[in-house]
Amino acid sequence: MPADEPTPVPLACPDCGATYEPIPEEPWRCDCGHPLDFARNPVPEGSPPPFSRLDTRLGLWAFFEFLPVSQQVTLGEGFTPLVGAPEWNAEFKLEYVFPTGSFKDRGATTTLSRAVELGVDTVIEDSSGNAGASIATYAARAGLEADIYVPADLPQSKLMAIQRAGARPVRVEGTRADVSEACIEAVEDGDGWYASHAWNPAFLAGTMTFAFEVAAQRDWSVPDAVVVPTGNGTLSLGAYRGFEALQRAGVIDELPRLLVAQARGYAPIVEDLAGTPAESPAPDDEPAPSTDPTPTHTTGGGLGVSLGDDDAPPGENHLADGIQITDPPRREQLVEAIEATDGHAIAVGANDLEIELDRLHRAGFYVEPTCAVGPAALRAFREEGVLDPGAEVVVALTGSGLKTL
């Protein structure tokens, strides 16, 4: 295991090359405006042990040799089930089987461990619910104060998860972007360390372990593709970096294709790959006019497609509230990851999402609505010919339906 008194890893900007010392006052982004990453990431040598010899009692920290953060805060998270889903001809990774009911615990354990490494007293996060509950819970485990900025209309179940962990929820009127803006203002004012699931590289260190677990559970092989619901893209980008680390370590030969599933109306990655402007909801949550409510297919070999058999204009895809992000901070990195794996992105309409959610529940997967974006996108990828019928695919189911009660 890592040393009891680890030396935190510095941060670096992959764009301009600037480096920053690991201190409680470290910046949340580079002075040039680009998201920061760790200055170095460990890559262990030697062949990995067979799955039967992995100490799964350590949870995702069984892969500590790949992580630029030392274990300081944990609730035993990780090694979520990988199960067959015959109706979808795929495997589902049940990322809702976590202490707080969502994959965000992968990033929370590493982010709060980083906070403890640095000697931070108070953490601040902005969230539509799942990340806030996760950061609040792990902050409580670490004995740190936490302020969680949330939309004013956050479901009561998610709000209670934050409050009961002893964190202070700060409700913000307006759009999801308004919530982030208010949170960043507090960080800039010196109110705390930004434990952002979208900006903080420690969070991505945790979501990398999704890839490690998928490979280990498949006897150190990878599927042809992984399908991941994507808003800020923390699981998508983390999965890509995890598979890339396994390739650099010589554990796997090829990367699986990264197939991104977004919600129609909130699909900037789809639009970037298609080479067309991203749709954005109208101000004040008013429905934007829709000149063409039919599915939009790209031409000229684009990697992004918008699908949906409903007439809902952008901004009305309410079921996918967990991924209603119009401009993710690591947008450029996400696009590069998709292109590097010969991946693809699809946006799913509200009606398709509702139908898929019902299928999932009737098949025994009690997930929150946002999760249905992944399996719905899988069907669309196959219908569009993006995936061969016999391709091996893993789909991430990211949040528990119990959060919506």
Side-chain angles (χ1 to χ4, degrees), residues 6-43 66-70 107 110-111 113-115 117-120 123-126 131 176-177 180-208 211 230-245 247-248 255 258 260 268-269 271-273 275 277-278 303-304 325-341 343 345:
T7 300
V9 178
L11 302 181
C13 177
D15 193 49
C16 73
T19 58
Y20 298 91
E21 289 303 308
I23 57 176
E25 297 79 23
E26 67 183 8
W28 59 275
R29 68 177 176 185
C30 183
D31 291 340
C32 75
H34 200 279
L36 293 167
D37 287 316
F38 285 105
R40 57 182 182 273
N41 290 279
V43 177
F66 282 96
L67 302 179
V69 180
S70 66
T110 47
T111 300
S113 287
R114 171 74 172 182
E117 280 185 343
L118 297 177
V120 168
V123 299
I124 302 178
E125 161 73 311
D126 57 284
R176 179 64 180 83
S180 295
E181 185 176 335
C183 181
I184 289 172
E185 184 177 342
V187 173
E188 296 285 6
D189 288 342
D191 293 348
W193 183 76
Y194 198 17
S196 170
H197 61 289
W199 287 92
N200 200 307
F203 200 95
L204 288 174
T207 56
M208 284 172 56
T230 300
N232 275 309
T234 54
L235 186 57
S236 300
L237 188 55
Y240 166 72
R241 291 184 176 186
F243 287 121
E244 187 184 42
Q247 187 182 50
R248 283 189 285 117
L255 301 177
L258 180 59
V260 161
I269 305 304
E271 301 296 346
D272 284 352
L273 292 168
L303 299 177
I325 304 296
T326 58
D327 190 19
R330 296 181 182 269
R331 186 171 179 166
E332 182 180 338
Q333 293 177 336
L334 277 164
V335 170
E336 290 173 353
I338 295 167
E339 292 176 335
T341 63

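In this text, all values refer to a predicted model and were calculated from it rather than measured experimentally. Quick note: numbers below take in every heavy atom, side chains included, and nothing from hydrogens, waters or symmetry partners.
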S236: partners by side-chain hydrogen bond (donor to acceptor under 3.5 Å, both in side chains), with sequence neighbours left out = T230
Residues forming a side-chain hydrogen bond (donor to acceptor under 3.5 Å, both in side chains) with W199, sequence neighbours excluded | none
So [Y] and [X], do their side chains get closer than 4.5 Å, heavy atoms only?
| X | Y | result |
| --- | --- | --- |
| V260 | I338 | yes |
| F243 | L258 | no |
| C16 | H34 | no |
| L204 | F38 | no |
| C30 | P35 | no |
| Y194 | D126 | yes |
| E117 | P22 | no |

Can you name the residues that form a side-chain contact (heavy atoms from CB on, under 4.5 Å) with [X], not counting sequence neighbours?
| X | result |
| --- | --- |
| I325 | R176, N232, P328 |
| E185 | D189 |
| A186 | I124, Y149, D191 |
| V335 | I269, D272, L273, E339 |

State, to 0.1 Å, how close A12 and T19 come at their nearest heavy-atom pair, and which atoms those are.
-> CB-CG2, 4.1 Å
Can you name the closest pair of heavy atoms from A195 and V123 and give their distance?
-> CB-CB, 4.0 Å
Polar side-chain atom of T110 near backbone of A202 as donor-acceptor pair, under 3.5 Å = yes
Under the side chain to side chain contact (heavy atoms under 4.5 Å, CB included) criterion, do S113 and S70 qualify, and how do the steps go?
-> CA-CA 7 Å; S113 287; S70 66; 5.9 Å; no
Only counting residues at least two apart or in another chain, list the ones meeting ring pair (Phe, Tyr, Trp, His ring centres under 6.0 Å) with F66.
-> F212
Listed by chain and number, what are the ring pair (Phe, Tyr, Trp, His ring centres under 6.0 Å) partners of F203, not counting sequence neighbours?
-> H197
Would Y240 and L255 satisfy side chain to side chain contact (heavy atoms under 4.5 Å, CB included), going step by step from the backbone distance to the final call?
-> CA-CA 8 Å; Y240 166 72; L255 301 177; 3.9 Å; yes
Scan P42, P8, P201 and name whichever one has a side chain to side chain contact (heavy atoms under 4.5 Å, CB included) with P68.
-> P42
If you look only at pairs with a residue in residues 8-37, which of them pass as a salt bridge (Lys or Arg N to Asp or Glu O under 4.0 Å), with sequence neighbours excluded?
-> E26-R114, D37-R241, D37-R330
How about T111 and N200: does a side-chain donor come under 3.5 Å of a side-chain acceptor?
-> no
